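What follows is a short report on a single structure.
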Amino acid sequence: MSRWTPADRDRERNRTTDRGQAHTLEAFVAALLLVSAVLFALQATAVTPLSASTSNQHIENQQRGEANDVLAIAAERGDLEAAVLCWDESQGGFNGSSLPTGAYSDGIEQDTAGCGSFGAMLEETFGDRQVAYSVHIIYQNSTAQTKRQPLISMGDPSDSAVAASRTVPLFANDRVLAGEQTRLDETSLYQEDRPDQMSYPTQVTVEVVVWRM
Amino acid sequence: MIDEQRGQTTLDFAIGASVFLLAVGFVVAFIPSMFEPFRGGDGALFIVADRTAGYLVEDALVYAVSEPAVLDAGCTIAFFSQSSGDDCRFEMDGEIGAVVGVHGSQPVDRSVNITVHELSAGPATPIETEDGEPLTGGDPDPPSDAVVSSRVVTIGDTSRIASESAEFRLTVRVW
């Protein structure tokens with residue numbers, strides 16, 4: 001071991017003087033790491049009002065409940081059946097519908113077709129609150145395939161859409177298009193690919209899909 | 001002698017440690033606020049409001065449980081005037097909050113307000129019966145941050161209701 005000299009002492013002093021700010025720098029780096037980790041987490045999660053959360057779950061439950069209520073009220077008044085049977089055979093769509101699929105573009109259009117107030121009720125319940133809705137009628141063809149006929153079409157639902165459905169029984173002597181004399185079994189409505197072996201009564205399911213715009 | 005050589009160490013460490021602790025403190029304080037938009041206050045209130053609305057619209061006030069959302073006019077009016085009514089599916093003993101199970105029977109006493117109003121209007125303006133009685137009940141003056149659950153209803157005998165429309169919204173507020 002060499003002898004301790006004043007030169008060594010100077011060197012030692014210089015070294016510690018160089019290290020003077022080391023702890024502060026470390027602390028800044030550590031703090032930067034922590035804060036950038038939080039910022040990264042903020043960027044990585046899509047923090048939008050549509051992200052899943054308790055309160056949105058509540059809104060979805062709410063919308064499902066209201067859609068079920070509207071279906072129940074319409075069914076009780078016969079509006080649901082009237083809407084399902086509001087078919088214009090010559091037009092190949094629902095009476096007065098504007099979309100090429102034979103569907104209405106919103107509930108107001110369904111209401112003006114003169115087949116019950118199902119569309120008006122949907123519009124008052126959801127449309128006025130900036131909630132979009134689509135209605136499909138689901139039935140089975142002869143090969144037990146499920147077919148969907150849109151009744152009201154307001155576009156593609158978002159990820160947070162909820163659905164409610166209700167079954168409607170149909171009988172052979174139901175009148176297609178209220179006020180006219182055409183019987184249901186004389187038309188091709190809801191009997192695609194099963195012309196002769198259609199048996200009545202049959203049933204269709206009306207499905208309401210609701211989502212926030 | 002050594003202290004002299006490392007002259008700034010204590011001060012340096014104090015600054016470094018406090019900067020680091022400040023950063024830790026900020027992160028710990030900030031993380032809960034990141035989740036704030038998703039918190040709905042007391043989670044149990046949502047369930048209480050939902051169940052209360054469901055009980056009223058699917059059981060207590062309807063003609064038949066097979067036809068939810070179609071309210072019996074007599075039972076609905078009796079419910080809001082705090083009487084038992086004829087052949088109703090609820091037993092009015094005392095007040096509305098106890099019938100829907102929000103008052104009493106639980107560790108936390110909550111308040112509830114139930115109002116039937118027009119679809120286009122808010123719960124501040126309840127509809128009225130033919131006698132001018134408003135269809136609202138429970139605790140008065142809900143705060144603006146009360147948890148809300150609403151359902152769409154129709155009332156069987158609309159002649160007993162002073163309103164032009166056929167559908168209404170039943171809003172339950174719990175706080």
Side-chain angles (χ1 to χ4, degrees), chain A residues 9-10 12-17 19-35 37-39 41-42 45 47-49 51-59 61-63 65-77 79 117 120-126 128-129, chain B residues 1-2 4-24 26-28 30-31 34-35 37-41 43 45-47 49-50 53-54 57-58 62-64 66-70 118-120 147-154 156 165-167 169-170:
Chain A
R9 198 179 127 181
D10 283 348
E12 177 74 5
R13 178 176 287 163
N14 285 339
R15 198 171 66 80
T16 50
T17 308
R19 281 175 49 93
Q21 302 294 318
H23 283 119
T24 315
L25 278 178
E26 275 169 31
F28 272 115
V29 171
L32 208 67
L33 257 171
L34 275 173
V35 172
V38 171
L39 288 180
L42 265 181
T45 48
V47 186
T48 70
S51 327
S53 77
T54 325
S55 53
N56 283 326
Q57 182 65 51
H58 177 66
I59 291 169
N61 289 344
Q62 189 80 87
Q63 288 171 342
E66 292 194 343
N68 270 319
D69 292 338
V70 169
L71 281 169
I73 294 170
E76 197 265 344
R77 289 191 190 145
D79 284 348
S117 59
M121 212 188 321
L122 281 171
E123 183 64 25
E124 269 189 273
T125 309
F126 298 115
D128 291 352
R129 298 200 160 194
Chain B
M1 191 60 94
I2 288 187
E4 225 173 80
Q5 284 169 0
R6 297 171 51 95
Q8 289 185 32
T9 306
T10 315
L11 188 64
D12 177 37
F13 180 76
I15 296 171
S18 51
V19 164
F20 177 70
L21 288 178
L22 270 176
V24 170
F26 167 75
V27 169
V28 168
F30 184 69
I31 283 177
M34 279 171 65
F35 299 102
F38 310 125
R39 285 188 55 236
L45 286 181
F46 287 105
I47 299 166
D50 254 353
V57 170
E58 288 158 20
V62 296
Y63 275 117
S66 58
E67 292 288 348
V70 183
E118 303 274 355
L119 283 178
S120 53
V147 171
V148 178
S149 183
S150 66
R151 301 288 296 259
V152 181
V153 297
T154 184
S165 26
E167 300 95 29
R169 217 179 281 271
L170 183 144

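To find a chain, count down the sequence lines: A is the first, B the second, and so on, and within it residues start at 1. Computed from a predicted model, the values in this text were never measured in an experiment.
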> Which atoms of Ala53(B) come close to chain A, meaning under 4.5 Å heavy atom to heavy atom: side chain ones, backbone ones, both, or neither?
Replying inline: neither
> How long is the gap from CD on Glu67(B) to CD on Glu76(A), to the nearest 0.5 Å?
Replying inline: 5.5 Å
> Which of the residues Ile15(B), Val57(B), Asp50(B), Leu22(B) is involved in the greatest number of heavy-atom pairs with chain A at under 4.5 angstrom?
Replying inline: Asp50(B)
> Would a distance-only check, ignoring hydrogens and angles, find a side-chain to backbone donor-acceptor pair under 3.5 Å from Arg169(B) to Thr125(A)?
Replying inline: yes
> What heavy-atom pair brings Ser150(B) and Gln62(A) nearest, and what distance separates the two atoms?
Replying inline: O-NE2, 2.6 Å
>> Using a 3.5 Å distance criterion without hydrogens, assess whether the side chain of Glu124(A) forms a donor-acceptor pair with backbone atoms of Ser120(B).
In response: no
>> Working to the nearest 0.5 angstrom, can you tell me the gap between Glu123(A) CD and Leu119(B) CG?
In response: 11.5 Å
> Of all residues at least two apart in sequence or in a different chain, which pass the ring pair (Phe, Tyr, Trp, His ring centres under 6.0 Å) check with Phe26(B)?
Replying inline: Phe30(B)
> Which atom pair, heavy atoms only, marks the closest approach of Ala31(A) to Phe20(B)?
Replying inline: N-CD1, 4.4 Å
>> If you compare all heavy atoms of Ala72(A) against all heavy atoms of Pro68(B), which two are closest, and at what distance to 0.1 Å?
In response: CB-O, 3.4 Å
>> Contact between Asp69(A) and Val153(B) at the side-chain level, heavy atoms closer than 4.5 Å - yes or no?
In response: no
> Which atoms of Ser18(B) come close to chain A, meaning under 4.5 Å heavy atom to heavy atom: side chain ones, backbone ones, both, or neither?
Replying inline: neither
> With a 4.5 angstrom heavy-atom cut-off, which part of Val24(B) approaches chain A: side chain, backbone, both or neither?
Replying inline: both
> Under the side-chain contact (heavy atoms from CB on, under 4.5 Å) criterion, do Arg77(A) and Thr154(B) qualify, and how do the steps go?
Replying inline: CA-CA 10 Å; Arg77(A) 289 191 190 145; Thr154(B) 184; 2.9 Å; yes
> With no hydrogens and no angle check, is any side-chain donor or acceptor of His58(A) less than 3.5 Å from a backbone partner on Ser149(B)?
Replying inline: no
